[in-house]
Amino acid sequence: MSRTITLLGATGSIGASTLDLVRRNRSEWQVEALTANCSAKELAVLAREFGAKVAVVGDESCLPDLREALAGSGVEAAGGPEALCYAAQRPVDMTVAAIVGCAGLAPTMAAVERGGTIALANKEALVSAGNVMISAVAKHGAILLPTDSEHNAIFQCLSGGKMEDVAKITLTASGGPFRTWDAAAINAATPEQAVAHPNWSMGAKISVDSATMMNKGLEYIEAHHLFPVGLDRLGIVVHPQSIIHSMVEFRDRSTLAQLGPSDMRVPIASCLAYPERMETPLEPLNLANIGELTFQAPNEDLFPATRIAREAIETGGASPAILNAANEIAVEAFLSGQIGFSRITAVAEATLARYDAPSPSTLEDVLAIDSEARKRAAEALEHAPLV
Ligand code: NDP
């Protein structure tokens with residue numbers, strides 16, 4: 001029997017990996033809704049190919065293009081932020097949350113409030129909303145399947161284990177493209193260099209986050225919410241080969257690790273098939289060819305993002321949402337050539353220092369903090385010249 005699926009962020013990197021798996025198992029899935037921001041033509045092609053019922057662009061100004069590209073297809077076209085939530089509210093067996101940034105928060109919460117099963121790639125949504133989202137998941141009986149490779153690895157390692165037996169959860173980090181660079185070279189890094197990740201092929205924003213190590217900082221916060229073992233039991237180790245995707249040590253000092261190719265189709269397949277397994281088109285792991293797996297401690301002098309994120313979640317309240325919003329603004333500014341690479345984390349830290357807000361208790365609170373933090377980060381940019 002086929003299952004229904006909605007893909008929020010269908011035109012992105014996670015979207016493409018998910019649709020590749022759906023395409024290979026076409027008879028098992030019925031596509032309900034596909035969304036994008038403004039890639040109207042690409043979205044229309046996908047909606048036609050997969051026979052989606054609904055296609056939505058988040059940017060309403062792109063709706064005429066979407067309508068034109070879908071003319072005669074029978075696919076319903078819609079646009080705007082509310083339309084993204086409308087797509088996410090439609091009943092389906094599986095929602096893949098793969099919009100980038102806090103823009104994915106409201107649609108992801110719409111799927112949560114429907115009590116859906118959600119494959120969560122959109123880490124910024126959970127980082128920003130934190131306890132607000134986790135409480136809503138419990139209240140509405142939703143299921144979050146961690147799709148980020150590290151969290152999916154932890155989820156797999158924990159299966160069959162008890163949270164109270166966990167001694168430590170360790171997130172692995174590739175270290176990004178600048179792991180071996182010195183401070184001067186990192187400072188002069190260009191957007192092209194920052195998006196060229198050595199192991200993973202990803203969207204521009206997460207690639208820059210990987211280069212600053214903010215991606216690992218956001219993942220640390222994400223892990224705290226998904227696997228509440230306490231911050232003192234959460235760690236990060238740099239593992240440049242990206243073969244071990246994360247590990248869990250239990251109190252008897254037994255450590256379980258999940259290994260696999262650096263391809264998001266592996267964790268996505270684990271979510272799509274959960275609790276079963278499905279085939280992927282990937283080559284088997286050849287450890288003899290890989291040769292060695294190495295590890296080192298993160299260098300927080302050169303890459304302060306993990307420290308900043310750890311401090312933000314230790315502070316709690318509004319801090320993770322402020323950090324996320326400021327980072328999104330700073331990454332955009334870096335990608336558009338407005339600021340130098342090292343200023344990204346400086347802007348995030350400056351925004352955290354300058355803005356304090358009460359702890360959010362509703363989605364509206366989180367969105368208001370996000371919006372204000374973006375304004376404050378834009379102000380901080382003015383004090384952050386090119387280098
Ligand atoms: P991409 O930039 O490749 O794709 C982003 C998707 O979100 C696109 O469909 C884009 O549409 C849509 N989008 C962007 N802005 C908005 C908006 N304002 N409103 C509605 N839709 C929007 O990102 P990735 O696929 O790389 O990442 C998606 C999420 O998954 C991120 O949160 C990332 O951290 C996470 N993730 C990604 C991994 C990866 O390997 N790529 C690994 C682990 C997690 P459009 O094409 O129109 O711009």
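In each ligand, atom 1 is the first atom listed, and ligand 1 is the first ligand listed.
Using a 4.0 Å cut-off between heavy atoms, V57 makes no contact with ligand 1 at all. With a heavy-atom cut-off of 4.0 Å, E124 touches ligand 1 through its side chain alone. At a 4.0 Å heavy-atom cut-off, ligand 1 touches A10 through the backbone alone. In A103, the part holding a heavy atom less than 4.0 Å from any atom of ligand 1 is the side chain.
Looking at I14 next to ligand 1, an N or O pair under 3.5 Å apart turns up. The shortest N or O to N or O distance between G58 and ligand 1 is not under 3.5 Å.
In R3, the CZ atom is crowded: over 12 heavy atoms of neighbouring residues, nucleotides or ligands sit closer than 6.0 Å. With a 6.0 Å radius and a threshold of 12 heavy atoms from other residues, nucleotides or ligands, E49 has its CD atom above the threshold. Counting heavy atoms of neighbouring residues, nucleotides and ligands inside a 6.0 Å radius, atom CD of E279 does not exceed 12 of them.
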The test is salt bridge (Lys or Arg N to Asp or Glu O under 4.0 Å); show your working for E124 and K205 and say whether it passes.
CA-CA 11 Å; E124 297 92 344; K205 194 261 175 182; 2.9 Å; yes
Going through the distances and angles, do L302 and M213 end up as a side chain to side chain contact (heavy atoms under 4.5 Å, CB included)?
CA-CA 10 Å; L302 278 181; M213 293 282 285; over 6 Å; no
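The pair R90-E32 meets the salt-bridge criterion, with a side-chain N (NZ, NE, NH1 or NH2) lying under 4.0 Å from an Asp/Glu carboxylate O.
No heavy atom of G15 sits closer than 4.0 Å to any atom of ligand 1. At least one heavy atom of M264 sits under 4.0 Å from some atom of ligand 1.
Looking only at protein heavy atoms, the nearest one to atom 13 (N) of ligand 1 is N37 CB, 3.6 Å. Nearest protein heavy-atom neighbour of atom 45 (P) of ligand 1: S39 OG, 3.2 Å.
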